[in-house]
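Working notes, beginning with the structure itself.
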Amino acid sequence: MTDITHSISQNITQIVYLVSALLFIFGLKKMTSTLTARKGLTYTVVGLVIAVLITFFHHQVNSNFLWMTIAMIVGAALAFYLSTGVKSTETPKMIALFTGLGGGTAAAIAAVELIKMGFPVETKPTDTAKVLAVSGALLGSVCFSSSLVTFAKLNGSIKGTINFPMQQWVNTFILVIAVTFGAAIVLNNYQLEVTQLILFFVLALLFGILLTIPMNQADMPIFIPLLNVFSGLAIGFVGYVLLNPAMMIAGLLVAAAGLKLTLSFAKSMNRSIPAVLFGTGSLINQQSSGGSINSNKAARELQSDDAAMMMAFAQNIIIIPGYGMAAAQAQHKVWEMSKLLINNGVNVRFAVHPVAGRMPGHMDVLLAETGIPYDAIHDLNEINGEFKSADVVLLIGANDTTNTSARTDQNSPIFDMPILNADQAKNIIVIKRGKGTGFSDIDNPLFYQENTGMLYGDAESVLSKVVNELKNI
Amino acid sequence: MDGFVTLYIFILAAITGYEITSKAPSKLHTALMSGASLINAIVLIGAMIVMGQAETTIETMIGFMAVMLAAANAVGGYLMSADIFKLFTNSDKSEGGRQ
């Protein structure tokens with residue numbers, strides 16, 4: 001009798017796990033459209049909650065219920081503490097951190113399983129299980145320490161890049177030793193050497209740190225989804241060791257999604273994955289050869305009343321926000337100005353380049369947060385044909401994403417990067433902090449066009465002046 | 001579990017994730033990444049299984065750490081995602097969002 005109830009409860013557990021895996025797949029699917037994204041989040045949360053609840057009744061979960069609950073409460077409290085007061089400009093670093101915690105969990109699970117495999121009681125572990133446990137431990141550990149460094153970098157706790165001689169050789173060497181220890185653990189005939197296991201984890205964690213410290217801050221957006229690849233694979237692999245298909249499916253789902261995002265971020269930022277990983281050939285470190293060409297030309301300076309007048313009498317305006325706008329926290333002023341223009345019958349649209357924020361989609365989040373409707377925000381492909389018919393294009397703290405040298409100057413570090421065709425508009429207004437070059441130190445020929453006017457100053461205060469002028473017209 | 005069945009599961013799940021993500025417009029990429037990070041929190045059930053059958057002190061201690069980290073992943077991932085996803089309301093609600 002107990003055997004029957006036992007097997008029934010095991011079947012129920014498996015069915016619930018299957019349902020939760022399906023909820024993750026459909027949830028992720030729904031997250032790919034603004035109309036259904038919130039439903040997608042609900043699906044995912046339901047999938048997680050039912051999987052966790054049924055696990056309390058899992059046939060292998062027999063003890064430590066009190067400590068398990070305490071651990072959950074402590075973890076949840078930690079997450080609340082870390083998330084409190086986080087601004088949406090800081091979203092990327094929090095995603096990196098939480099992904100890393102998932103990877104760290106997978107590594108911890110792998111550690112316990114490897115200890116158990118070292119002293120098998122009943123069945124001996126298969127080679128596949130041992131290989132996947134070691135691989136999961138390696139990927140999870142690298143993901144964990146690497147995400148902490150990523151967080152510290154984006155947080156400003158670690159500034160710039162850390163380089164030392166023969167860096168890539170040292171890193172490769174450490175990875176090779178870690179893998180060798182891993183292989184030794186697999187080949188050990190059920191005789192676990194504890195020091196070996198400890199060294200293996202220490203080297204894996206060390207490699208994660210060393211891998212991340214030479215990376216450029218500007219490249220971190222490409223690296224964050226790569227952390228999802230590491231953690232997803234680690235979770236899938238330990239899922240196999242625990243004979244848990246829900247973890248296997250969810251882990252690989254996340255890993256593949258992360259891979260796709262990494263590739264598409266790299267493409268839109270015109271960076272190769274090896275260059276990101278090794279911190280080479282960065283936009284920032286390179287000297288621009290195109291910069292000197294325009295250095296003796298003068299850009300035409302505008303006053304805020306001129307700008308207000310031009311925009312008030314325009315029919316089509318396209319606003320291009322850059323990170324300069326977000327840094328100045330000017331997005332609310334942008335929306336205030338846009339509302340005045342829209343009430344005057346002006347068609348105002350926003351053009352967002354994939355790299356405009358800290359990562360693709362980030363700028364959209366910052367804009368939407370102020371109340372700007374998602375329909376008014378267009379990506380590069382949607383809007384690039386529309387610039388020809390725009391009366392005014394307003395650039396706010398944006399430079400590289402409109403830099404025409406990307407089209408023509410083969411020596412430019414951003415050559416071949418897709419740009420927004422702001423230069424095709426009838427009039428261009430540029431709000432810029434100072435007269436120097438921008439983030440990547442590349443001069444923009446667009447600023448010297450005859451139909452371009454510059455408004456120098458802090459985005460927030462310049463826009464306030466424009467808003468006041470608009471109210472007086 | 002049979003090795004080839006495992007390979008089937010891994011490959012089919014990976015293709016699903018890749019294809020779904022390929023369809024997403026770039027303005028949803030940050031949201032997707034946050035959502036993917038939340039799905040990662042499924043590792044919590046693995047941590048619970050490890051802790052629920054832990055026999056030695058060291059296993060229990062590592063299990064405790066694992067459950068704690070995974071719970072932080074779950075709750076933190078949810079809080080981040082909820083913050084981003086609440087922006088996808090109907091366009092006519094123009095006043096809203098955080099300060």
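Below, read A as the first sequence line, B as the second, and so on, with proteins coming before strands; counting in each chain starts at 1. Since this is a predicted model, take the numbers as computed values, not measurements.
With a threshold of 4.5 angstrom between heavy atoms, B:L44 approaches chain A through side-chain atoms but not through N, CA, C or O. Residue A:S264 touches chain B through its side chain alone, counting heavy-atom pairs closer than 4.5 Å. For a residue to count as touching a neighbouring chain, one of its non-hydrogen atoms must lie under 4.5 Å from one of that chain's; by this rule B:I49 touches chain A with backbone and side chain alike.
For chain A, the option among B:V43, B:V50, B:V75, B:V67 with the highest count of heavy-atom pairs below 4.5 Å is B:V43. By number of non-hydrogen pairs under 4.5 angstrom with chain A, the leading residue of B:M65, B:M80, B:E59, B:M33 is B:M33. Contact tally against chain B (heavy-atom pairs below 4.5 Å) for A:L380, A:V241, A:N228, A:D379: the top residue is A:N228. The candidate with the highest count of non-hydrogen atom pairs below 4.5 Å against chain A, out of B:S22, B:P25, B:A54, is B:S22. When A:G104, A:S231, A:G47 are compared by the number of non-hydrogen pairs under 4.5 Å with chain B, A:S231 comes out ahead. Ranked by heavy-atom pairs under 4.5 Å with chain B, the list A:S83, A:A76, A:G232 is led by A:A76. Put simply, of A:V45, A:N64, A:N62, the one with the most heavy-atom pairs under 4.5 Å next to chain B is A:N64. Highest contact tally toward chain B, considering only A:N381, A:V365, A:V352, A:L78, is held by A:V365 [criterion: heavy-atom pairs under 4.5 Å]. In terms of heavy-atom pairs under 4.5 angstrom with chain B, the leader among A:G258, A:G102, A:A257, A:G103 is A:A257. When each of B:L12, B:I11, B:I58, B:I62 is scored by its heavy-atom pairs under 4.5 Å with chain A, the top score falls to B:I62.
In this structure, B:F85 has its ring center at least 6.0 angstrom away from the ring center of B:Y78.
Exactly one of A:T99, A:L97, A:V254 qualifies for a side chain to side chain contact (heavy atoms under 4.5 Å, CB included) with B:S37. That residue is A:T99.
Using a 4.5 Å heavy-atom threshold, the side chains of A:L367 and A:Y374 count as separate. Looking only at side-chain heavy atoms (C-beta outward), A:D364 and B:T30 stay at 4.5 Å or farther from each other. Annotation: side chain of A:F24 is not in contact with side chain of A:I249 (no heavy-atom distance under 4.5 Å).
Ring geometry, A:F265 versus B:H29: the interplanar angle falls from 30° to 60°, so the pair is classed tilted.
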